[in-house]
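See below for the structure under consideration.
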Amino acid sequence: MENQVGRSNCRRQRVVLFPLPFQGHINPMLQLANILYSEGFSITIIHTNFNSIYTSNYPQFTFRAVLDNDSKDINLAKLSSKGVGDLLSGIMLLNQCGEESLRQELDQMLMASKQQGEPIVCLVTDALWYFTQSVADSLKLSRMVLRTSSLFCVIVYASIPVLEDQGYFNQVNSVFDEENIDLDLKNIIAPNEENNFKKPDGGESVRNLEDRVPEIPVLKVKDISKMRIKGQKDPTGKLLANMLKQTKASSGIIWNSFKELEETELQKIHKDFPVPSFLIGPFHKYFPASLSSLMEPDRSFMSWLDHQAPNSVLYISFGSAAQLHKQDFLEVVNGLANSKQPFLWVMRPGFVKGSEWMELLTNGFLDLVGERGHIVKWAPQQEVLAHQAAGAFWTHNGWNSTLESICEGVPMICSPFWGDQPLDARYVSDILKVGVYLENGWEREEIESAIRKVMVGEESEDIRERARYLKEKVNVSLMKGGSSYESLVSLVGYISSL
Ligand code: UDX
């Protein structure tokens, strides 16, 4: 741990942490567990067998499997990694069915910990495990929430009722077919007559997908559609509403962010969420994500990367769950080929819908890969971004990837898919100005031009300069006296006092 804040207490208090079983949620929770361990707490991780963690990487922690221990359990059968719809239904199902089983597990753990003279002082769960609040309440155990997204994202989610009132969800969902959203987007967003919508008051004024949202001026109307939420009654809307409600009922929120990055948002969070907030991130600056990888990172390209010129390689990765349609994939391939830039591309098996892995790539493109690129199934991402050859990151803007890029001062090309990603992409391009947003979907000429703009174009040096400046801010926040450092001191004191 780079900047351990230190704690005089010896290991006499235990914290139990419960991550959501998906890569983008497991990484920050395990990093948080390591941070708390370094601060003197004993750690128990409770986890599902679905997407189970490599427990042998963490001999210092105690692990307990919960919820899906019965292989015939209908809940487990419904958990599937095949698509976001399935991920969401899995999360919702466990939230509905997990209460009794978790209560029994925790009850046993609480009794055992008392006998061992090492009381459990706190349960830290992913914010999306909203059902855990009533379990913790019934056991008189304090529950803190880890929110793995940006503060800005939570503010937008909290505004869903207002946005729905204003008719944003009616508008956008009438034209966006959920399954084909990316394919459709490029045909829809060009400003023309068909993109205008009447406001719900029935007045003459119209709204365009390119318009800013007055209620949240950072956003454009089309960003709301890209979140793929249909409103409060939509299953995702209900999940988010429950998450927000039970976050407000918790004993506090731990954020993987830092004050200087989201200063305005922090003021709003303090106002709207009447529980203590601790911004102690970015977590991966303390402990790398590679230990909690669900897939083995391929390092075979490292010697090739070592021989590339500084800032010359485009790193491409769209996270752990996003999937692309074949037609869009072909645009990506052509845009990349035409950009003539060296690249390292993480192409997960199953990334292209209906395809195993690389079979859609032509021999021509594969020759190109031999000349100036590498394709792998999974990479040691933080190491790649920290490499001097990394020139830009073409990303889906998952929050972990966004933070990892910011911390290394690497400019971004933003291609979000759903959920918080379009919100992060807008923030990165319009507020932080360290990325170019490919906001019109997947189109080869635009892709080629965005890659050139960020890698070699006239503006590239300005973007890189701003990215370097942000990197400096991160480093300062983690040093003694810095905002994240001091927030961690407060968090450790707070948990000890629970
Ligand atoms: C999703 C959401 O988009 C994210 O915003 C939310 O907070 C969690 O769920 P995901 O798609 O997994 O996350 O993306 P991201 O948040 O970026 O997390 C991916 C993690 O996997 C990162 O820590 C990244 O370093 C790691 N990774 C990715 C690798 O280690 N190797 C790879 O090849 C690709």
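We count ligands from 1, going down the list as the structure has it; atoms in each ligand are counted the same way.
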Under 4.0 Å to a heavy atom of W399 - the qualifying atoms of ligand 1, by number | 4 (C), 5 (O), 16 (O)
When only distance counts, is D420 in polar contact with ligand 1, meaning an N/O pair under 3.5 Å?
-> yes
Nearest protein heavy atom to atom 6 (C) of ligand 1: under 4.0 Å?
-> yes
Hey, does W399 have a side-chain heavy atom less than 4.5 Å from the side chain of T148?
-> no
Judged by atom type as modelled, is there a donor-acceptor pair below 3.5 Å linking the side chain of S159 to the main-chain atoms of I155?
-> yes
In terms of side-chain heavy atoms, does N397 have a donor or acceptor partner in T395 at a distance below 3.5 Å?
-> no
Check: Q382 N/O within less than 3.5 Å of ligand 1 N/O = no
Option with minimal heavy-atom separation from atom 30 (O) of ligand 1, where the choices are S149, A379, S320, P380 | A379
Give a yes/no on ligand 1: does F22 have at least one heavy atom closer than 4.0 angstrom to it?
-> no
Does any non-hydrogen side-chain atom of I413 lie less than 4.5 Å from one of L314?
-> yes
Does S317, backbone or side chain, put an N or O under 3.5 Å from an N or O of ligand 1?
-> no
So, does S150 use its side chain to make a donor-acceptor pair with the main chain of C153 at under 3.5 Å?
-> yes
Ranked by distance from atom 13 (O) of ligand 1, the top protein heavy atom is G24 CA, 3.7 Å
Testing T125, L30, L146, L32 for side-chain contact (heavy atoms from CB on, under 4.5 Å) with L17, which one passes?
-> L32
Is a side-chain N or O of Q23 found less than 3.5 angstrom from the main chain of L294, in a donor-acceptor match?
-> yes
Closest protein heavy atom to atom 29 (C) of ligand 1, given as residue, atom name and distance to 0.1 Å = W378 CZ2, 3.3 Å
Ligand 1 to Q23, heavy atom cutoff 4.0 Å, flagged ligand atoms 21 (O)
Nearest protein heavy atom to atom 17 (O) of ligand 1, by residue and atom, and its distance?
-> S401 OG, 2.5 Å
Heavy-atom distances under 4.0 Å are what count here, so tell me which part of N27 touches ligand 1: side chain, backbone, both or neither.
-> side chain
With heavy atoms of H25 as the reference, note each atom of ligand 1 found under 4.0 Å away.
-> 8 (C), 9 (O)
Aromatic rings Y494 and F278: how do their planes relate, parallel, tilted or perpendicular, breaks at 30° and 60°?
-> tilted
Is a side-chain donor-acceptor pair under 3.5 Å present for R348 with S320?
-> no
Considering residues at least two apart in sequence or located in another chain, which fulfil the ring pair (Phe, Tyr, Trp, His ring centres under 6.0 Å) criterion with W394?
-> F318
Using a distance-only test with no angle check, is there a side-chain donor-acceptor pair under 3.5 angstrom linking R228 and T236?
-> no
Give the atoms of ligand 1, by number and element, whose distance to some non-hydrogen atom of G398 is under 4.0 Å.
-> 3 (O), 4 (C), 5 (O), 14 (O), 15 (P), 16 (O), 17 (O)
Answer yes or no: does an N/O atom from W418 fall short of 3.5 Å to an N/O atom of ligand 1?
-> no
Whether Q388 side chain and P310 backbone form a donor-acceptor pair below 3.5 Å = no
Counting heavy atoms only, which of N400, L20, V346 is nearest atom 18 (O) of ligand 1?
-> N400
The protein heavy atom nearest to atom 3 (O) of ligand 1 is Q421 NE2, 2.7 Å
Would you indicate which of R147, E404, Q381 comes nearest to atom 23 (O) of ligand 1 when only heavy atoms are counted?
-> E404
contact_flag H396 ligand 1 heavy-atom lt 4.0 Å = yes
N or O contact, D424 vs ligand 1, cut-off under 3.5 Å | no
